[in-house]
Amino acid sequence: MSAHISETRVVRGACPQDCPDTCAFLYHVEDGKLVEVTGDPEHPMTRGGLCVKLKNFAEHHYNPDRLLYPMKRVGPKGSGQFERISWDAALAEIKTRWTEIIAQYGTQAIMPHAYLGHQGTLNGLTAGDAFFNRLGSTVAEKTYCESGSSTAWIMTVGPTGGLDVESLAYSKYIIVWGMNMLNTNLHAWPFILDARKKRGAKVVVIDPVRTRTAKQADWHIPIKPGTDAALALGMINVIIAEGLVDQDYVDKYTVGFDELKARAAEFPPERVEQITAIPAADIRTLAREYATSQPSAIRQGVAVERSPGGGDAIRAITCLPALVGAWRHVGGGTVEMPIWEFPFKFDFICRPDWIKPGTRVVNELDLGEALTGAMQLDPPIKSLFVYNSNPISQAPNAGQIVEGLKRDDLFTVVSELFITDTARYADILLPATMQAEQYDLMVTWGHLYVMLNQPAIPAPGECVPNIELFRRLAKTMGFDDEYWSLSDDEMLMRCYDWASPQMQGITLDLLKEKGYMRLNVGDPDKRAPHAEGGFKTPSGKCEFKSSMAANGDFVVPVWRSGYEAMQPGTPVDPVPNYIPSQEAPAANPTLAGRYPLNMVSPKPHAFLNTQYGNEPLQQRRQGEQLIVINPSDAAKRQIEHGTYVRVFNDRGSFEARAELSEDVMIGLLMTNVGHWPGHNRTGTAVNSTTPPRHANLGKAGTYSDNLVEVARA
Ligand SMILES: Nc1nc2c(c(=O)[nH]1)N[C@H]1C(S)=C(S)[C@@H](COP(=O)(O)OP(=O)(O)OC[C@H]3O[C@@H](n4cnc5c(=O)[nH]c(N)nc54)[C@H](O)[C@@H]3O)O[C@H]1N2
Ligand SMILES: Nc1nc2c(c(=O)[nH]1)N[C@H]1C(S)=C(S)[C@@H](COP(=O)(O)OP(=O)(O)OC[C@H]3O[C@@H](n4cnc5c(=O)[nH]c(N)nc54)[C@H](O)[C@@H]3O)O[C@H]1N2
Ligand SMILES: [Mo]
């Protein structure tokens, strides 16, 4: 045994998943086989620990269900019957079908659909953008995640990394706001424990559900979903009324204090109690403690954006640290995602210059409407190309997507690791590599390290990385631009601004040796990025009153085909406000009469969105699809603990096992997104019920604004 271990080759890598942690990996290879993947204990942020999802990542590569060869559909759509074909045959079929479609309907009848199955620079979110822009397809707007938060962030403080999660170790008061950190940002938690131990920090969790994280906090504040803006404005009201403002900081480094003060005056704690269900006394205590316990920190979760007023909630929350001067201190401020410190060159990565003027844009969350004709597109979508995403599980109103994918006149291509619920509807399936088999510089959105993933084992079967897939497609379609002949390293050299201050001292050669390097942005024990203002807004100040909104510019960093900072659009209130949910009982009593329960559908503990949902170990750890319901709501419906129930509304339904628990308030249901619909009893999951509407900023999804009813199955 020990002799064997000493022969093991170790290759440095990084986690591919859409998660803020992006752990440093060590691939252990023996005789050409990946025997184990461990965390690199020396990485300062991820410190060697891997989460339950990645525990058996080596075995995941050898999962017998992996898609290893191109396949062609032989049964009816959705039947999952495929037969193996060659890459040449698959590419020829795509070319023939697209050529016909383009001749009849034009290039915009083709639409890509991609999200963050993989988080690399070469193989991730934007891997196909250059290809589809060159082709002239419909531009797919990608707003599944963080687009609402990012828009709000940029309007308020600009594209700054904000507080470093590692600096949380220096905080005295930490609010984890709309995030289940122990599930979704696990490697941040040790820094909070450090702050608690060394600085006596108090940890507050604001979440409608008493989650694992909430149970570990010093104070859990349950809040009605979609009402965070009211809470933040209520806190601002108290902070101003009680003279807890850092007036010197506000005078020097902010704009719009008077307007914010006027807005907050509309939100006295007693009114906020009515909206949020948080007692007024608690709102006062929270505001006082937050303002006076410096350094105070806020870790914002993505869930806050998943309601109609989510964007304004993030804006109001992002105003708080400037108001109390928290930014002055190491460990003070707030973190959305530090990704803004990375000097991407999206113009090169996505080639927006290849988009022909007038090309239409269709949002990916509207996929069902786009495919079924509900959206009246001219030309209609005749071909859908899916990679890095699983919309039948993850996009809202999934029933309509299934209906669309059944269309016989729709030519669907899916590039995947597995035959997912979405892939079952493909006409052509293309096999993709897994992380130990490919090379990439990873995008990270929870810390400040550049991470290189190097291949440790050869690709099995005929799997290819996404970047190679698009090179092959470009060649097939006859594109002869230089772009398609660049090597991976030549690409990476152009994807980042290596001469920028953040990248000083960082080179690809060094990364190949070390695996990861910290951006040159200061150390976590010294870094206070906005101690003296320096915000990246047009005014250089923290904008309580947004100049972008005041100018009528609608900020949309929606990762569509390149990062577009500004785009004309719907006017936005320059000062953050509370925008009620559309399916809140008060807003829609008729609907609430029929569907009285609001369902939130956050992330699963043991799956990464849908990934690992097909692995037995993770299935055991996650358990089956549960719906958590308050015992009093259950009693009204004669629902007993452990029985199966149907969750439904006009959009659709799914079945789950009922868990009766006071962890959810009366009127609230909690279930996890990520269970494969096909593994559930009805072949459907949570997103068969969710609304395809967008939040007020960044066209974010509104998964938390969802009224349903439950009944015994
Ligand atoms: N284990 C695991 N980790 C993951 C993922 C995964 O699938 N599994 N996915 C990754 C991805 S893509 C993302 S975006 C992140 C997201 O991670 P988080 O930011 O943690 O988001 P969620 O898990 O969606 O929700 C977090 C909490 O917000 C609460 N919540 C829901 N609506 C509201 C609201 O209106 N207001 C407030 N205050 N709270 C609300 C939910 O009850 C939930 O407990 O996690 C990443 N990490
Ligand atoms: N109800 C509800 N719905 C939600 C959310 C919610 O909180 N509630 N959260 C939303 C959020 S935050 C997000 S980020 C989205 C996530 O939505 P998706 O990004 O669609 O989620 P995944 O399940 O990770 O699907 C990614 C797919 O890509 C495949 N894949 C992985 N690596 C590769 C690769 O290298 N190449 C190719 N071609 N394919 C690969 C995986 O096998 C997987 O099937 O879901 C959104 N949906
Ligand atoms: Mo996400």
Side-chain angles (χ1 to χ4, degrees), residues 16-21 51-53 67 113-120 123-125 127-128 144-146 149 176-186 205-214 221 223-228 231 299-307 310 313 364-365 386-391 393-396 398 414-418 420-423 430-435 438 440 445-446 463-466 469 581 599-614 664 668 670-674 676 685-687 689-690 700-701 703-706:
Q17 301 304 172
D18 179 7
C19 166
D21 292 16
C51 65
V52 54
K53 309 179 285 295
L67 182 62
H113 187 285
Y115 207 67
L116 262 178
H118 187 271
Q119 204 166 261
N123 299 297
L125 185 69
Y144 271 99
C145 179
E146 283 282 3
S149 311
V176 180
W177 199 319
M179 170 182 259
N180 189 356
M181 190 180 273
L182 288 175
N183 274 7
T184 60
N185 189 192
L186 181 64
V205 168
I206 300 172
D207 194 307
V209 181
R210 211 160 74 92
T211 60
R212 303 167 67 218
T213 312
I221 304 180
I223 183 170
K224 273 195 199 160
T227 66
D228 302 274
L231 174 59
R299 177 58 169 123
Q300 311 179 4
V302 187
V304 177
E305 78 175 25
R306 303 197 220 286
S307 293
E364 293 192 354
L365 300 179
V386 181
Y387 66 99
N388 276 350
S389 61
N390 188 359
S393 172
Q394 298 303 106
V414 178
S415 160
E416 253 299 348
L417 307 174
F418 295 100
T420 61
D421 292 272
T422 303
L430 301 171
T433 40
M434 246 181 223
Q435 188 72 334
Q438 62 195 7
D440 213 334
W445 52 279
C463 295
V464 299
N466 291 337
L469 160 68
S581 289
M599 186 178 85
V600 292
S601 48
K603 304 298 184 183
H605 172 56
F607 307 151
L608 191 290
N609 295 310
T610 60
Q611 299 190 69
Y612 313 102
N614 58 340
V664 297
L668 184 75
M670 196 288 290
T671 191
N672 286 129
V673 70
W676 288 33
V686 295
N687 276 321
T689 62
T690 50
Y703 301 99
S704 288
D705 184 21
N706 183 23

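Both counts, for ligands and for their atoms, begin at 1 and track the order of listing.
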Quiz item: So which protein heavy atom does atom 44 (O) of ligand 2 come closest to, and at what separation?
Solution: E416 OE2, 2.5 Å
Quiz item: Is there at least one pair of N or O atoms, one from T690 and one from ligand 2, spaced under 3.5 Å apart?
Solution: no
Self-check item: Nitrogen or oxygen of M670 less than 3.5 angstrom from that of ligand 1
Solution: no
Quiz item: Should you measure from each heavy atom of L608, which atoms of ligand 1 turn up under 4.0 Å away?
Solution: 4 (C), 5 (C), 6 (C), 7 (O), 8 (N), 9 (N)
Practice problem: Please list, chain by chain and in numerical order, all residues satisfying salt bridge (charged side-chain N to carboxylate O under 4.0 Å, His left out) with D705, sequence neighbours excluded. | Solution: R693
Quiz prompt | With sequence neighbours excluded, residues passing ring-ring contact (aromatic ring centres under 6.0 Å, His included) with W676 | solution = H679
Quiz prompt | G226-ligand 1 polar pair, N/O distance under 3.5 Å | solution = yes
Quiz item: Is K603 in polar range of ligand 2, meaning some N or O pair under 3.5 Å apart?
Solution: yes
Self-check item: Where ligand 2 meets N687 - atom numbers and elements under 4.0 angstrom, heavy-atom basis
Solution: 1 (N), 2 (C), 3 (N)
Quiz item: What are the atoms of ligand 2, with element, lying closer than 4.0 Å to any heavy atom of D18?
Solution: 14 (S)
Self-check item: Residue-ligand contact Y144/ligand 2, heavy atom below 4.0 Å
Solution: yes
Quiz item: Has R306 got any heavy atom lying under 4.0 angstrom from an atom of ligand 2?
Solution: yes
Practice problem: With heavy atoms of T420 as the reference, note each atom of ligand 2 found under 4.0 Å away. | Solution: 44 (O)
Quiz item: P208 near ligand 1, heavy-atom distance under 4.0 Å?
Solution: yes
Exercise. Any atoms of ligand 1 less than 4.0 Å from a non-hydrogen atom of N183? List them with their elements.
Key: 1 (N), 2 (C), 3 (N)
Exercise. Determine, using heavy atoms of N123 and all atoms of ligand 2, whether some pair is separated by less than 4.0 Å.
Key: no
